[in-house]
Amino acid sequence: MGLKENLQNESVSTLPCREAILIQPETSVRQAAQILQSKKLGCAVVVDAEGKPMGIFTERTLIKLLLQQPHDLDKIPVREHLETEWFCVRNSDSISAVLDLVQKRDARFVCELDEHGKVIGLTGQKGLSEYIADHFPEQVMVQRIGGQPGMENREGA
């Protein structure tokens, strides 16, 4: 199969997936910021009591709050500042569903859900890139930023 066929026929479960940061809606913005920093991730999935996603809290929202209300971060729960547009796919959906979200909706992170609607992890731009590099290395040509284009074929043995 080629790349296009793989993206249409393989499921999201074959994409590399990062562990998602799961937080409760009552978590303060300051606590969320500390968690994001410690885990080195740009978003946290806010889940309800059943572990189902309600939305995401991102570093973009955090920066806005830092500029607007820097002294109130301990008092503000993340549920008041969830991203208005966030994306989830089931692990049984085709990879093309993730590709569509990344291309057409400018999604960086896509939440992967199991058959019960609970969070498995995060994929998205990075997951797609890693999948393509692993499965189709001959179609990926790496070039250093600011460098000269490299050779398309390897030299030597």
Counting only N and O atoms by type, is there a donor-acceptor contact under 3.5 Å from the side chain of Glu130 to the main-chain atoms of Gly127?
no
Arg90 side chain to Glu112 backbone, donor-acceptor under 3.5 Å
no
Assigning hydrophobic clusters by single linkage (Ile, Leu, Val, Met, Phe, Trp, Tyr; side-chain heavy-atom cutoff under 4.5 Å), is Leu36 placed with Met54?
yes
If I take atom CD from residue Glu83 and atom OG1 from residue Thr58, how far apart are they, to the nearest 0.5 angstrom?
3.5 Å
I need the Leu41 CG to Ile21 CD1 distance, nearest 0.5 Å.
4.5 Å
Does some side-chain heavy atom of Val98 sit less than 4.5 Å from a side-chain heavy atom of Leu7?
no
Between the CG atom in Leu128 and the OG atom in Ser96, the distance rounded to the nearest 0.5 Å is 10.0 Å
Do you know which two heavy atoms are closest between Pro25 and Pro77, and how far apart they sit?
O-CB, 3.6 Å
Roughly how far apart are Glu85 CD and Ile56 CD1, rounded to 0.5 Å?
10.0 Å
Rounding to 0.5 Å, atoms CD (Gln24) and CG (Asp48) come to a distance of 8.5 Å
If you count every heavy atom of other residues, nucleotides or ligands that lies below 6.0 Å from Gln8 atom CD, does the total exceed 12?
yes
Looking at every heavy atom in both Gln68 and Pro70, which two are closest together, and how far apart are they?
C-CD, 3.6 Å
Could you check whether Arg108 pairs with Glu59 (Lys NZ or Arg NE/NH1/NH2 to Asp/Glu carboxylate O, under 4.0 Å)?
yes
Taking C-beta and beyond as the side chain, do Phe109 and Val45 meet within less than 4.5 Å on heavy atoms?
no
Less than 4.5 Å apart, any side-chain heavy atom of Trp86 and any of Pro53?
yes
Looking only at side-chain N and O atoms, does Glu10 offer a donor or acceptor that is under 3.5 Å from a partner on Asn6?
yes
Got Cys17 and Asn91 here, is their nearest side-chain heavy-atom distance under 4.5 Å?
no
State plainly whether one hydrophobic cluster holds both Val102 and Ile132, where clusters connect Ile, Leu, Val, Met, Phe, Trp and Tyr through side-chain heavy atoms under 4.5 angstrom apart.
yes
Spacing of CD1 belonging to Ile76 relative to OG1 belonging to Thr27, to within rounding of 0.5 Å:
13.5 Å
Partners meeting ring-ring contact (aromatic ring centres under 6.0 Å, His included) with Phe87 (sequence neighbours left out):
none
Give me the atom names and distance for the closest heavy-atom approach of His116 to Lys52.
O-CE, 3.2 Å
Does Thr123 reach the main-chain N or O of Val110 with its side chain, forming a donor-acceptor pair under 3.5 Å?
no
Taking side chain as C-beta onward, heavy atoms only, is Phe57 less than 4.5 Å from Leu65?
yes
Taking a hydrophobic cluster as the set of Ile, Leu, Val, Met, Phe, Trp and Tyr residues connected by side-chain heavy atoms closer than 4.5 Å, whether directly or through intermediates, do Leu73 and Leu82 fall within one such cluster?
yes
Closest contact, heavy atoms only, Ser11 versus Ile95:
O-CG1, 3.5 Å
According to a 4.5 Å side-chain heavy-atom criterion applied to Ile, Leu, Val, Met, Phe, Trp and Tyr, with indirect links allowed, do Leu122 and Val46 form part of one hydrophobic cluster?
yes
Sub-4.5 Å side-chain heavy-atom contact between Val119 and Leu113
yes
Test of understanding: clusters of I, L, V, M, F, W, Y form through side-chain heavy atoms closer than 4.5 Å, transitively. Do Val12 and Leu3 belong to the same one?
yes
